[in-house]
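To start, the structure itself, in structure tokens.
Chain identifiers are assigned alphabetically (A, B, ...) following the order of the sequence lines, protein sequences preceding nucleic acid strands; residue numbering begins at 1 within each chain.
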Protein chains: 2
Amino acid sequence: MTTSEDSNEARTGERITDAEHAVMEVLWDRPRQTAAEVCEDVCAARGWSLATVKTLLSRLVQKGAVAAEPDGRRFLYSPLIAREDYVGGESRRLVDRLFGGSAASLVAHLAESEALTANDLDEIEALLKELRA
Amino acid sequence: MTTSEDSNEARTGERITDAEHAVMEVLWDRPRQTAAEVCEDVCAARGWSLATVKTLLSRLVQKGAVAAEPDGRRFLYSPLIAREDYVGGESRRLVDRLFGGSAASLVAHLAESEALTANDLDEIEALLKELRA
DNA sequence: TCACGGCGATTACAGATGTAAACCTTGCGC
DNA sequence: GCGCAAGGTTTACATCTGTAATCGCCGTGA
């Protein structure tokens with residue numbers, strides 16, 4: 001395959017689903033949380049029950065995306081894959097699927113569809129300068 | 001909500017899946033094709049059978065994403081949603097989900113992760129200039 | 001006219017996903 | 001010592017997705 005990456009989910013093979021991703025975000029925000037703690041962060045927002053969070057955490061552990069560190073009789077969960085990597089993978093997927101692999105095309109599209117505010121443009125421009133430096 | 005769009009799948013409500021998307025691409029490339037014609041374009045590439053294409057076309061029609069114009073005893077299928085809109089919707093979803101809605105963040109990420117080649121940077125810069133003009 | 005081939009519609013079916021209840025084990029408080 | 005609460009594990013189950021096979025209709029060529 002074209003993606004020579006070996007740092008993200010490509011390694012686990014298993015993809016992280018939408019629901020699972022919500023859990024990952026919580027763990028990325030703060031690692032080493034219990035299922036209950038994670039629930040506190042997402043259950044309300046997504047209308048989930050603690051049971052759902054437990055299931056998702058299990059699946060993530062199975063997928064090798066999350067580590068379960070024993071802490072007494074329970075576990076402290078932490079992400080095993082970096083957010084950077086996940087985000088990178090997802091971004092690349094989108095670019096590959098919809099823009100023929102050209103990231104520039106994506107940016108072009110965002111710009112043309114006015115998804116970019118003047119502010120965004122400024123930021124990007126600044127970024128470019130930085131990258132060029 | 002932030003998405004004021006009313007032109008794409010938001011209207012249909014139903015999301016277009018990956019497999020369906022492959023079919024859409026063919027139709028965007030050339031509208032008014034029969035199932036068999038579509039198959040010619042994708043079956044080989046995806047290892048599908050004609051039956052699969054038929055199913056996907058049906059689902060797309062149900063979802064209101066594709067129009068089936070009667071032509072004798074068969075149908076000529078055409079996209080009902082513009083590629084622009086689909087691409088825009090998907091892009092926005094990604095940006096919302098992974099970059100807190102900031103397209104600039106996405107660009108920043110692409111840049112930092114070296115997903116952008118020097119060439120890309122040039123293109124983007126040119127684009128910016130144009131947009132500013 | 002009659003079987004056959006082309007085509008949409010119906011049905012199938014396994015695996016992934018979202019969402020959760022039920023169950024089981026074990027330390028803790030009474 | 002014992003039942004309860006907390007936490008993980010197992011089971012459940014409806015949908016959605018991917019991928020087809022099968023059914024039924026009908027126009028066409030023999």
Side-chain angles (χ1 to χ4, degrees), chain A residues 9-10 12-27 32-78 80 86 89-90 93 97, chain B residues 9 12-27 32-78 80 86 90 93 97:
Chain A
E9 357 83 71
T12 83
E14 316 269 8
R15 300 207 25 72
I16 289 174
T17 74
D18 235 58
E20 286 163 1
H21 169 238
V23 170
M24 289 303 290
E25 286 293 346
V26 176
L27 293 180
R32 308 194 38 164
Q33 292 190 67
T34 67
E37 286 169 336
V38 171
C39 185
E40 271 171 42
D41 266 24
V42 282
C43 285
R46 316 256 313 195
W48 285 347
S49 76
L50 173 58
T52 298
V53 171
K54 287 183 188 176
T55 299
L56 293 173
L57 280 170
S58 301
R59 289 182 181 169
L60 283 167
V61 168
Q62 275 177 17
K63 293 186 182 181
V66 159
E69 158 195 359
D71 174 57
R73 83 222 58 297
R74 68 218 184 137
F75 288 128
L76 295 182
Y77 298 94
S78 301
L80 272 183
Y86 173 73
E90 291 298 302
R93 276 175 51 77
R97 257 181 16 110
Chain B
E9 359 81 74
T12 84
E14 316 269 6
R15 296 206 29 69
I16 290 173
T17 75
D18 236 56
E20 288 163 358
H21 169 238
V23 169
M24 290 303 291
E25 287 292 347
V26 176
L27 294 179
R32 307 196 38 171
Q33 292 190 69
T34 66
E37 286 169 336
V38 171
C39 185
E40 271 171 42
D41 265 23
V42 284
C43 285
R46 317 254 316 192
W48 285 347
S49 75
L50 174 58
T52 299
V53 171
K54 287 182 188 176
T55 300
L56 293 174
L57 280 170
S58 301
R59 289 182 181 167
L60 284 167
V61 169
Q62 275 177 17
K63 292 184 182 181
V66 160
E69 158 196 358
D71 173 57
R73 82 224 52 298
R74 68 224 183 127
F75 287 128
L76 295 183
Y77 298 95
S78 301
L80 272 182
Y86 174 72
E90 290 300 300
R93 276 175 51 77
R97 256 182 13 112

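Put simply, A/T52 has a side-chain N or O that comes within less than 4.0 Å of OP1 or OP2 on C/dA20. At C/dA16, none of the side-chain N or O atoms of A/T17 fall inside 4.0 Å of OP1 or OP2 (strictly under the cut-off).
Remark: P of C/dT17 and CZ of B/R15 are 14 Å apart, rounded to the nearest angstrom. The interatomic distance linking A/K54 (NZ) with D/dA12 (P) rounds to 18 Å, in whole Å. One atom, CG of A/L60, and another, P of C/dA16, lie 15 Å apart when rounded to the nearest Å. Computed from coordinates, the B/F75 CZ to C/dG6 C1' distance equals 14 Å when rounded to whole Å. Note: CH2 (B/W48) to P (D/dT17) measures 14 Å, nearest angstrom. In this structure, B/R59 atom CZ and C/dG8 atom P are separated by 16 Å, rounded to whole Å. Across the protein-nucleic acid pair, B/L57 atom CG and D/dT19 atom P stand 15 Å apart, rounded to whole Å. Counting to the nearest Å, the C1' atom of C/dC7 and the CG atom of B/L50 are 8 Å from each other.
Rounded to the nearest 0.5 Å, atoms SG (A/C39) and CZ (A/R46) are 12.5 Å apart. Distance CG/A/L57 to CZ/A/F75: 11.0 Å, rounded to 0.5 Å. Taking CG of A/L56 as the start and CD1 of A/I16 as the end, the distance is 11.5 Å to the nearest 0.5 Å.
For A/S49, counting side-chain heavy atoms from C-beta on, the closest listed nucleotide (D/dG7, C/dG18, C/dA21) is C/dA21. Nearest to the side-chain atoms of A/A51 among the listed nucleotides D/dA21, C/dA21, D/dG8 stands C/dA21.
When heavy atoms are screened at a 4.0 angstrom cut-off, B/A35 is found touching the sugar-phosphate backbone but no base atom. Across all strands, A/T55 comes closer than 4.0 Å to base atoms (heavy-atom distances).
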Exercise. Given salt bridge (charged side-chain N to carboxylate O under 4.0 Å, His left out), test B/R32 with B/E37 step by step and report yes or no.
Key: CA-CA 10 Å; B/R32 307 196 38 171; B/E37 286 169 336; over 6 Å; no
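Not a single donor-acceptor pair under 3.5 Å links the side chain of B/E20 to the backbone N or O of B/R59.
Residue whose closest nucleotide on DNA chain C sits further toward the 5' end, between A/R73 and A/G47: A/G47.
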